[in-house]
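FYI, side chains are in, hydrogens and waters are out, and symmetry mates aren't considered; it's all heavy atoms of this structure.
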Amino acid sequence: MAGAAPELPHDLPDRIVRDALLHPNNLRALLRDVAPAIADRLAYEQLEVVKPAFLLDDWRKRKRDLLVRIPFRDAEGREVLICILIEHQSTSDPAMPLRLLVYAVLHWEQEWRAWEEKHERGQPLRLTPVIPVVLHTGQVAWDKSRRLADLFAAPEELKAWLPEWTMPLWDLPEHAADDLLKSGEPWWQTLAVARAENEGTDEFRRVMQEALKSLEPLGLSENVYWHQQVKMVLYWSLYRRPRREHGELIDAARASQSTVQLQQEMTTMSQTMEMTWEEELLERADQMAAQKVAQKVAQATAQATAQAYRDMARRLLQDRFPSLPEEVTRRIDDADVEWLKAAVLRVAKVASPDELLQS
């Protein structure tokens with residue numbers, strides 16, 4: 001792609017994809033590809049987002065991940081957990097199979113604790129099945145491990161004891177943009193725009209416009225769903241492409257719709273995205289400025305603290321020893337705060353200024 005779009009929060013594409021997957025149609029489309037045996041046996045209309053109870057810092061940073069509870073359509077009325085880790089990085093995470101397993105085990109531990117705290121006599125422990133999925137929307141194909149067993153450097157004799165935890169992966173680079181456009185499924189047609197992210201200006205505009213044309217029937221039959229998909233396309237178009245292309249892309253987005261109503265809605269959404277784009281940049285600039293100010297304040301505070309201890313050390317020494325050796329004076333001038341604090345406490349105990357140099 002010629003020219004780079006201004007840098008925005010690195011997890012922005014992941015957040016957009018996560019929000020889109022909360023729509024039952026999109027989640028069903030993904031699961032039909034990676035877990036076809038169960039995809040059509042889930043009650044998507046009863047989807048419930050689960051907030052992980054884990055307190056690990058690693059998971060606090062991964063707000064883009066999605067954990068949902070969905071009833072399984074069977075006589076027992078059981079449920080499953082769908083755990084989706086969304087990746088948009090240019091380099092694959094080699095620990096991803098382990099990350100998925102840890103995610104599942106941490107949830108099962110919560111269920112185990114709840115069972116121990118309150119269960120009727122004779123009631124067995126039953127854990128909720130977890131369906132792990134990695135959705136990779138980066139532009140470089142996933143080239144790292146897809147099974148937990150791959151992470152072990154074990155001889156042939158030990159392989160029978162290695163855990164087989166397979167990581168279902170949907171990898172965007174394995175799919176051509178035109179194939180996604182022809183799928184007839186709004187979710188994949190929307191991801192065709194993400195697939196074309198690094199294409200030239202004309203090619204990206206073509207893919208974007210075709211995707212939006214494919215989505216137009218939704219605007220008349222399922223307007224809320226149409227808005228969700230169009231929002232994802234526009235985010236990718238306006239946030240992942242150079243600013244100089246935005247005007248043409250907005251015009252192309254409007255022209256992709258044949259009805260006046262949808263053209264007007266497309267224009268309004270595009271303008272809103274542009275405003276949000278600018279707000280994101282301003283917020284990022286404000287955060288960077290605040291960090292620099294904080295760094296300068298911290299630096300100035302440290303310098304002032306060190307100077308105060310230098311002055312105190314000199315004054316205490318001069319009260320006891322009228323003449324200070326040049327080497328001692330130089331050591332005080334070059335010392336850090338920790339050494340100066342220790343020196344101030346030792347002044348009353350030393351027999352000569354030179355003894356400070358021994359610390």
Least distance between heavy atoms, [X] atom then [Y] atom:
X: Tyr103; Y: Leu67; result: CE2-CD2, 4.4 Å
X: Leu151; Y: Pro94; result: CD2-O, 3.2 Å
X: Ala351; Y: Phe321; result: O-CE2, 3.4 Å
X: Leu85; Y: Asp65; result: CA-OD1, 3.4 Å
X: Pro97; Y: Met167; result: N-SD, 3.9 Å

[Y] side chain reached by [X] side chain, heavy atoms, under 4.5 Å:
X: Val230; Y: Met266; answer: yes
X: Val233; Y: Leu215; answer: yes
X: Ile38; Y: Leu31; answer: no
X: Arg147; Y: Ser145; answer: no
X: Trp236; Y: Val17; answer: yes
X: Val193; Y: Ser237; answer: yes
X: Met232; Y: Leu191; answer: yes
X: Glu245; Y: Glu248; answer: no

| field | Enclosure of Glu327 CD (heavy-atom neighbours >12, cutoff 6.0 Å) | value | no
More than 12 heavy atoms of other groups within 6.0 Å of Glu116 CD: yes
I would like to know whether Asp93 and Lys144 meet salt bridge (Lys or Arg N to Asp or Glu O under 4.0 Å); could you show each step before the answer? CA-CA 7 Å; Asp93 182 355; Lys144 296 297 189 297; over 6 Å; no
Test salt bridge (Lys or Arg N to Asp or Glu O under 4.0 Å) applied to Asp202 and Arg205, step by step = CA-CA 5 Å; Asp202 293 341; Arg205 185 171 60 247; 2.8 Å; yes
Look up atom [atom1] in [X] and atom [atom2] in [Y], then write down how far apart they are to the nearest 0.5 Å.
X: Asp40; Y: Arg28; atom1: CG; atom2: CZ; result: 7.0 Å
X: Leu21; Y: Leu66; atom1: CG; atom2: CG; result: 6.5 Å
X: Leu100; Y: Cys83; atom1: CG; atom2: SG; result: 5.5 Å
X: Leu169; Y: Leu135; atom1: CG; atom2: CG; result: 8.5 Å
X: Ser323; Y: Leu317; atom1: OG; atom2: CG; result: 11.5 Å
X: Asp354; Y: Leu324; atom1: CG; atom2: CG; result: 10.0 Å

Heavy-atom donor-acceptor pair, [X] side chain to [Y] backbone, under 3.5 Å:
X: Glu79; Y: Pro129; answer: no
X: Arg41; Y: Arg73; answer: yes
X: Gln189; Y: Leu181; answer: yes
X: Arg320; Y: Val347; answer: yes
X: Arg310; Y: Ile332; answer: yes
X: Gln123; Y: Glu120; answer: yes
X: Glu87; Y: His136; answer: no

inquiry  = Show, in sequence, the C-alpha distance, side-chain angles and deciding distance for Lys341 and Asp336, and conclude whether the salt bridge (Lys or Arg N to Asp or Glu O under 4.0 Å) test is met.
reply    = CA-CA 9 Å; Lys341 286 181 179 180; Asp336 59 23; over 6 Å; no
Report task. Give the intermediate values and the outcome of side-chain contact (heavy atoms from CB on, under 4.5 Å) for residues Gln257 and Trp226. Result -> CA-CA 12 Å; Gln257 307 301 291; Trp226 177 82; 3.6 Å; yes
query = Cation over ring, Arg241 on Phe204, under 6.0 Å and within 45°?
reply = yes
Between Arg331 and Trp339, is NZ or CZ placed under 6.0 angstrom from the six-membered ring centre and within 45° of the ring axis?
yes
Hydrogens and angles aside, do [X] and [Y] bring a side-chain donor and acceptor to less than 3.5 Å of each other?
X: Tyr44; Y: Asn25; value: no
X: Glu216; Y: Ser256; value: no
X: Glu265; Y: Gln261; value: yes
X: Thr128; Y: Glu111; value: yes
X: Asn26; Y: Gln229; value: yes

Geometric class of the Trp188/Trp170 ring pair [parallel <30°, tilted 30-60°, perpendicular >60°] = parallel
* Parallel, tilted or perpendicular for His119 and Trp115, by the 30°/60° rule? -> parallel
Query - Pair Glu164-Leu148, side-chain contact (heavy atoms from CB on, under 4.5 Å): steps then yes or no - result: CA-CA 6 Å; Glu164 285 291 337; Leu148 186 63; over 6 Å; no
query = Do Val134 and Asp171 pass the side-chain contact (heavy atoms from CB on, under 4.5 Å) test, and can you show the C-alpha distance, the side-chain angles, and the key distance before you say yes or no?
reply = CA-CA 8 Å; Val134 173; Asp171 196 13; over 6 Å; no
**Asked** Would you call Arg195 and Asp179 a salt bridge, taking side-chain N to carboxylate O under 4.0 Å as the test?
**Response** no
* To do: Dump the intermediate steps for salt bridge (Lys or Arg N to Asp or Glu O under 4.0 Å) on Arg113 and Glu117, then the final yes or no.
  => CA-CA 6 Å; Arg113 289 177 182 270; Glu117 292 174 1; over 6 Å; no
Please lay out, stage by stage, how Gln46 and Ile70 fare under the test side-chain contact (heavy atoms from CB on, under 4.5 Å). CA-CA 6 Å; Gln46 299 179 49; Ile70 305 181; over 6 Å; no
| Is Leu345 reachable from Met312 through a run of hydrophobic residues whose side-chain heavy atoms are each under 4.5 Å from the next? | no
